[in-house]
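Lettering follows sequence order; numbering is per chain, from 1.
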Number of protein chains: 2
Amino acid sequence: MMNMEWYRIFLHTAKLGNLTKAAHELHITQPSVSYAIKQLEAELGVKLFDRMSKGVALTTEGSALLEYVEKSFSFIDAGENKIRSLRELTAGELRIGANGPVIKHLLLPVLDQFHAEHPDVRIRLTQGKTSDIRNRLKEGRIDLGLVHLPLLDDDLNVDHLLAIQDCFVVGQAYRSLTKQSISTEDMIKIPLLLLSQESSTRAFVEQWLSSQGLHSEVDIELSSLDMLTEFAQRGYGAAFVTHSFVQDLLEQGKLFALQTREPIPTRSVGIATRRVGSLTLIANRFKEMLTADLNTNL
Amino acid sequence: MMNMEWYRIFLHTAKLGNLTKAAHELHITQPSVSYAIKQLEAELGVKLFDRMSKGVALTTEGSALLEYVEKSFSFIDAGENKIRSLRELTAGELRIGANGPVIKHLLLPVLDQFHAEHPDVRIRLTQGKTSDIRNRLKEGRIDLGLVHLPLLDDDLNVDHLLAIQDCFVVGQAYRSLTKQSISTEDMIKIPLLLLSQESSTRAFVEQWLSSQGLHSEVDIELSSLDMLTEFAQRGYGAAFVTHSFVQDLLEQGKLFALQTREPIPTRSVGIATRRVGSLTLIANRFKEMLTADLNTNL
DNA sequence: TAATGATATAGATCCTCTCTATGGAAGTCT
DNA sequence: AGACTTCCATAGAGAGGATCTATATCATTA
């Protein structure tokens with residue numbers, strides 16, 4: 001049976017025209033090269049080299065073979081280089097999905113760091129709701145998703161990343177209500193500003209309310225955090241938002257958090273990946289970076 | 001060190017997605033495949049397959065590698081096919097050189113036979129004088145030349161192919177001279193029709209004459225056998241030609257051979273090849289055919 | 001003719017691949 | 001749930017081929 005190693009030896013020998021030099025280059029001895037060439041010639045049934053007084057010279061048939069063998073090995077070389085690049089994270093891509101606020105407040109700083117360290121990695125970022133991200137993950141269109149927990153899916157693996165605390169915020173108009181704690185019943189008398197129906201945040205707040213036997217009439221339903229805070233600032237009502245995502249506005253005195261008597265449970269943001277198969281080296285690295293970063297920023 | 005055989009095993013495994021099946025296809029056992037994949041992964045420093053419950057699946061990195069490995073092996077396959085074709089004489093080319101009369105009267109019949117047996121071999125035929133053929137051979141532009149002997153050249157190997165007998169022929173006008181033998185001295189009183197200066201045939205006839213202390217004034221100097229016989233037929237004089245090449249015209253009574261009292265020595269046509277290096281399989285085959293053919297046609 | 005620089009060959013050795021046997025994990029079918 | 005099947009991993013033994021050392025051989029060159 002044909003042995004691919006013989007081709008490697010053939011290639012070096014053909015290029016150098018000298019068994020002894022080829023042996024040197026391959027870190028083997030001259031008889032080994034002689035043996036390999038002989039095997040190859042026997043197996044192919046064709047003489048590949050003319051043995052000259054000072055070295056060897058390709059026969060016509062040998063030359064014909066060389067063309068192919070050269071190309072073959074150049075592809076192997078290219079493949080090994082590609083693998084090296086992937087291993088050293090100087091090639092490949094990172095495909096992530098997350099929702100808007102998470103991208104802006106959690107992902108972006110880490111992404112900056114990642115991009116600085118691995119500028120050759122192409123970053124493909126998709127914005128979407130947790131449910132979108134789940135689908136994209138399962139379809140293999142992204143490698144890694146940042147999602148709100150709980151996310152139950154047999155195909156996905158979800159690691160807790162960090163806990164977030166939600167709260168209701170209001171603008172100057174309702175500032176008086178923030179002086180002391182407020183019951184949930186009283187609170188929902190204020191017009192509520194919530195994210196649109198399908199979001200997991202909306203599901204969360206509605207579940208919290210219903211656990212207290214309450215139900216809210218939503219007054220204003222928006223699809224982005226920025227708009228929610230904008231409306232809240234202008235006094236349209238109380239917006240349900242993640243505390244740390246509006247930190248700046250709270251500090252600037254543009255928004256004020258209500259102190260709900262009934263505490264709002266914390267919830268988690270997690271990293272979701274496919275359960276089957278393994279992460280790309282890149283995604284792995286990024287995941288490490290995410291967890292490391294958020295642990296130092298505690 | 002990287003072993004090319006591992007790539008072969010990788011390729012089969014990747015395509016089948018199943019170590020056991022790959023082992024079957026490669027006529028080895030499943031643990032061998034398992035081992036090879038493991039070695040390759042270790043050497044590349046990258047996991048190539050995810051081990052699933054029912055088989056294996058390429059990782060992203062494995063897929064990247066596969067692209068290259070596929071191409072690499074397809075070139076090896078192509079190379080092996082090419083060699084097979086060359087071995088079976090269903091590819092490649094035959095490059096021959098010979099002078100006009102030899103092509104017409106010696107080469108053509110054998111070439112017909114060769115072409116019938118090996119229609120896929122491209123035939124490159126160059127017409128030229130013996131000296132041209134020698135140069136082309138030495139430059140590697142042809143593989144095989146049919147030349148007049150003697151041809152002395154350290155770089156070339158010349159095998160005797162067949163002996164030819166030259167003669168002087170005349171047309172109807174001089175027919176009377178062919179009734180009985182004629183002395184060389186008398187003969188050169190007839191106008192002589194010879195090939196042009198540089199041809200080896202011309203050199204041969206002049207050497208024959210001068211060996212008898214004679215010298216000829218050439219009357220008509222032409223560069224092709226056909227023209228020589230044409231002029232001879234029309235009674236312009238005696239043409240020096242190879243007997244077997246004008247056999248037909250002699251039989252048809254269009255030409256008549258002089259019986260020279262001093263016999264014209266036979267000379268030889270030979271096959272010339274480069275001394276260094278080896279013949280292509282094709283040229284070898286053709287050479288065999290030439291010698292075989294001319295031995296049966298004795 | 002000796003020296004040089006090649007390749008070829010012989011025989012011993014060692015390494016690596018392959019094998020057999022077995023274990024273990026994940027799914028599948030009663 | 002338990003038996004079965006399918007597939008991969010591991011361990012250890014064994015064989016065979018690639019490699020090594022030593023030497024022969026051949027052609028060229030000084």
Could you check whether Gln30(B) gets within reach of a base, just the sugar-phosphate, or nothing at all, counting any heavy atom under 4.0 Å?
base

Under-4.0 Å side-chain N/O to phosphate OP1/OP2 contact, Lys54(B) with dT5(D)
no

Taking only side-chain N and O atoms of Thr20(A), does any of them lie within less than 4.0 angstrom of OP1 or OP2 on dT7(C)?
yes

Interatomic distance, Gln39(A) CD vs dT19(D) C1' [rounded to whole Å]:
12 Å

Look at all strands and tell whether Val33(A) reaches a base, only sugar-phosphate, or nothing, counting heavy atoms closer than 4.0 Å.
nothing

So, is Thr29(A) near the phosphate of dC20(D), with a side-chain N or O under 4.0 Å from OP1 or OP2?
yes

Under 4.0 angstrom between Asn3(B) side-chain N/O and dT16(C) OP1 or OP2:
no

Whole angstrom value for the distance that separates P of dA26(C) from CZ of Arg275(A)
12 Å

Under 4.0 Å between a side-chain N/O of Ser34(B) and OP1 or OP2 of dA9(D), yes or no?
yes

Just wondering, are more than 12 heavy atoms of other shown residues or ligands nearer than 6.0 Å to CZ in Arg275(B)?
yes

Rounded to whole Å, please give me the gap between CG in Leu19(A) and P in dT19(D).
14 Å

Given atom OH of Tyr35(A) and atom P of dG16(D), what is their separation to the nearest angstrom?
13 Å

Leu58(A) CG to dT7(C) P, straight-line distance once rounded to whole Å
13 Å

When rounded to whole Å, the CD1 to C1' distance for the pair Ile28(B) and dT16(C) reads 13 Å

State which residues pass ring-ring contact (aromatic ring centres under 6.0 Å, His included) with Phe204(A); sequence neighbours excluded, sorted by chain then number.
none

Nearest-nucleotide wise, let me know which of Ser53(A) and Glu5(A) is further upstream toward the 5' end of DNA chain D.
Glu5(A)

Pick one: which of Leu144(A), Thr126(A), Leu290(A) meets side-chain contact (heavy atoms from CB on, under 4.5 Å) with Ile96(A)?
Leu144(A)

Between P of dA8(C) and CG of Asp50(A), the distance in whole Å
11 Å

On the nucleotide dT10(D), are OP1 or OP2 found under 4.0 Å from the side-chain N or O atoms that Lys38(B) carries?
yes

Taking ring-ring contact (aromatic ring centres under 6.0 Å, His included) as the criterion, tell me which of Phe75(A), Phe73(A), Tyr7(A) meets it with Phe75(B).
Phe75(A)

Roughly, in whole Å, what's the span from CE in Met4(A) to P in dG17(D)?
19 Å

Only one of Leu94(A), Ile282(A), Asn284(A), Asp120(A) passes side-chain contact (heavy atoms from CB on, under 4.5 Å) with Leu89(A), and that residue is Ile282(A)

Can you tell me if Arg51(A) touches the phosphate of dA8(C), counting only side-chain N or O atoms and a distance under 4.0 Å to OP1 or OP2?
yes

According to a strict under-4.0 Å criterion, is Asn18(A) in side-chain N/O contact with OP1 or OP2 of dG5(C)?
no

